[in-house]
Amino acid sequence: MADVPTSILVADCGSVATKVGLIDVVAGEYRLIGATRTLTTADPPYSDIMLGVRQGIMQIEALTGRRLLDAQNALIKPTRVDGDGVDAFVAVTNAALPLHAVVIGLSRDYSVASAQQAVNGTYAVVDHTIAVDEESGRWGTTASDGRAGGASGSVEKLAALRPDIIVMVGGIDGGAVTPLREMANIVAAVGAAMDQAARPLVIFAGNRHARSDVAERIGGLMQVTMVDNVFPALDQMNPAPLQAEIENLYRKRQIEAIPGFDKLAAWSEKGVMTTADAYTRVAEYLARKYQLRVLALDLGAGATTLIRTDGVQMKRAVVEEYSVGYGLDALLERVGIETLLRWLPAPFEQSQVHAQLLNQAVRPHVVPTHWQDLTSLNAAGREILKYAAGVWSARSGHSHSTEMSVESMSRKHQNGHTPQDHALTDSDLILLTGAPIARGSKPTALLLMLLDALDVRGIFSVAADAVGLVPAMGAVAAVNPEAAAQALENDCLVTWGTVFVPDVAARAGEPVVMNVLVEPSRGGKLEADVKLGSLELIPLGEGEKANVELRTGRGVTWRNHIKGSTFKREVQGGTVGLLIDARGRPLPFEAGTERQRDKIQQWMWEAGA
Amino acid sequence: MIEFIPQLPQVRVSNSARIRRARELSIPGEVSGAVGLRVGAQDVIARAYPPKIRRALSLTRVIGVREADVPKRLLKHVGDPVEAREIIIAKPINFGVQRLVYRAPEAGQIAAIQGSWMILDIYDTPQEVLALYRGSIVNVTPRRSAVIEAQGALVQGVWGSGKEAVGVIKCFAKSANDILDADVLEADTRGTILVASGGVTDALLRRAHELQAAGIVTGSLLPEYRALAGSLNVPVLVTEGFGEIAMSTPVFDLLTALNGQEAGINARYQPRGRNASRPELFVPLVVSRMQESDQKADSSHLAMTARTQVRGAYGAYLGRMGTLPDEFTLHWLGTDAGTQIPAVTVEWNDTPGEHETVPWTNLELIG
């Protein structure tokens, strides 16, 4: 085998589907020469993740005519002279269930919020939080009836839960230790009351000077891990060490417990990455290479991931509760079917939509073939994305940044990066992967879903994962960065086009807010007036470029530092083309349900959805 | 043509299945069964004493005692049972003339004391785990679980409301798409597992709960009744899906044939993870018909061959039974959205001779 593997087999084992791809050199460039999709087989009745992986590989064999498995179903490695086999195998997965966490800290606004934000960037679900400052200033002094000295409802809830981990946070380094001792007593008491085998692991990410007190009180009862303070100083956030420890636990307790994982890991050159970590690498690569602020979204059947990076800093939210597969049931319970209906035109009947979404939740592998069903799922996708964006930016109004540097992620422990606040509204590239694409939704419908759900403004590009293997390219990069980059850009990513979303302050009734002149490089000219509250779709094919001149009326402004009422820009087309969204933000919702649903219908027509 | 056949999801609907099921306590307790023991469906094989509530309170705060003084002021210690109003900790005040005390609010047990904090478990009724599946215990994990091997008829569903019970199957449906309403229920409903084919009304759900039915098995459930079904004490098992869907023929035929027999209904719905399980109804075979229990449990994988029976899992063909062709291959099918997906030609059993191209992923194996 060469030092750098040239033929690479890659597998992405999701909670529902396993995607397998084969990368090799074609005409001097790395190309994805085959990609397949099959059921994930980690759960009963199969209980062997390798069953699905091998099925995927067999499909690749059928597609390419290249033998990859030998008679014993083992991977042929390295590549033989006859062309059979591969040089390397890499895998990513998010097929495991998340960890369940409880966050306990001194201050709701600072330590608890910081820790919660850090946990939200991992495959862990925060089931409960306890903040000392909500307990009348002293632990457990507030009974449900307000009587001092009573039992603590929030601590009782902790005692009733069975979390995998308890994250203890609080105090800046060098601050008071006494409240943390009391907090340690609480955790120790709760742990002592549990069966020994069921006791959660404790991660202490608070004031480093309290470590010995915490260890003394809890260490004899439960396993305690000390990591750097998540909130070491009033002007500093340091989530990376806590996140790294949770990821480590997730790997050991959940991923490594997937049936068949040992065989998958034995095949993999560099271990098995989580899908979110691998996808983060891809987003960071694109951000660094093209100097873009990238918003990468993964609408999976088992989890929803939202990553925002500018190549230097990265922030991520992983939402396990709501997804476009298993999580639809929980979503319906949280928002109600009526909330979803506001994203659907009038002909959609409530009971049918409700039934279809519940059926998709119990059979997430099913591929809807009817437009109505895909549209209903995209309505759910809007609410899931809105929720994920809310989780991502939960502390955006806070004076302290919750961002982490890329370097701090890779080196695990780095304090003191520059706080910098930026929001989802400012992004240059939106990248989408996940189930909606695999299920066959139209790009225009998915683009409208993104615009409706995410408050991204200005001028930005949108690209999508054509084969479901974009996140896995992050793992390929670990064995051959060039192969990952070329396969990603040659075969995995498909450009949908360029979107224009101005801030519109014009009063309703002023019909035209913008005049657009498009001059494609292939020749010709197209001019359009864009009305307030409308969407304008202008065809511009994949790989085509065009000069766009926009003349805006009063009250129309742009992000991206564009000044003046007229500007020109060269833009790229794509599967969708150019989409101008003059609806204004926040989106203008009609008060009456029927009128709102008529408006949705109009937006869908205008966007070609 | 596509030269590979991917895996399909599968559902067990069989009049003769050999299964193993772990019966677990949610918290550690006592497992009373031993390996080799034959158990009936209603036998209690494990028992635990979960607290009704875990009372958590700071002793320093309730009577103002310092953390260091807590041990010497305690009158009860970890593991001690306490009666209602019994004193747990006391501190002398007014030069020892009086004392400040904290009494147990209800009968329970002191679960933990760490520093100044005490966790007091208030007793609840014991949690009992029924065997549910009549068969033999083949494995025991002390304090946690027992695995039962059983043979009998098995009907797996796609959704369950949680809960489990044992009862006698009572089929009301005359055809696979009947909607069952409350007016058919009478006083003798108690302890029966009601089989509705096409669906149930909300009135039936409520009435079944009032009359203490042991369970409900229905082909489909209207989505607006999902929350109601989850809130009732009656386990509800849905075999096809949500909406108005007729019960698939093999499920309906098997349930009809099992009318009057005692069954265990386990409506636990766990779609993901190592403990993923489908809700199911199980009717044990009579002992004389059981195979020797030293044989391995039936393979949980259904074979996929020519003429295999499949069930539609999506849209208009949800719940419909069909047959794969003699020599089946997959080919590409265009969708409304303009994408191509692998598909197979299926002959639906209700329209013999007619063939339809169906996306492969939208079928499931049944048997």
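The chains referred to below are lettered A, B, ... by the order of the sequence lines, with proteins before strands, and numbering in each begins at 1.
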Greatest number of heavy atom pairs closer than 4.5 Å to chain A - which of [options]:
options                        : result
B/A276, B/P50, B/P359, B/G243  : B/A276
B/G64, B/P105, B/G115, B/G273  : B/G273
B/E224, B/R143, B/M118, B/R226 : B/R226

Q: With a 4.5 angstrom heavy-atom cut-off, could you sort out which part of B/L318 is near chain A: side chain, backbone, both or neither?
A: side chain

Q | Region of B/P28 in contact with chain A, defined by heavy-atom distances below 4.5 Å | A | side chain

Sidechain N-carboxylate O distance under 4.0 Å for [X], [Y]:
X      : Y      : value
B/E364 : A/R363 : yes
A/R334 : A/E321 : no
A/R253 : A/D164 : yes
B/R144 : B/E24  : no

Max heavy-atom pair count under 4.5 Å with chain B, selected residue of [options]:
options                        : result
A/Q350, A/Q356, A/R162         : A/R162
A/L221, A/L158, A/V187         : A/L221
A/A188, A/S47, A/A184          : A/A188
A/A189, A/G302, A/A192         : A/A189
A/G191, A/A445, A/A355, A/A361 : A/A355

Q.
Measuring from atom NE2 of A/H128 to atom CD1 of A/I130, what distance do you get when rounded to the nearest 0.5 angstrom?
A. 4.0 Å

Q. Can you find a pair of side-chain heavy atoms, one from A/V155 and one from A/I104, that are under 4.5 Å apart?
A. no

Q: Could you go through the side-chain hydrogen bond (donor to acceptor under 3.5 Å, both in side chains) check for A/T18 and A/T38 one step at a time?
A: CA-CA 5 Å; A/T18 292; A/T38 188; over 6 Å; no

Q. Does any heavy atom of chain B fall under 4.5 Å from the side chain of A/E61, the backbone, both, or neither of them?
A. neither

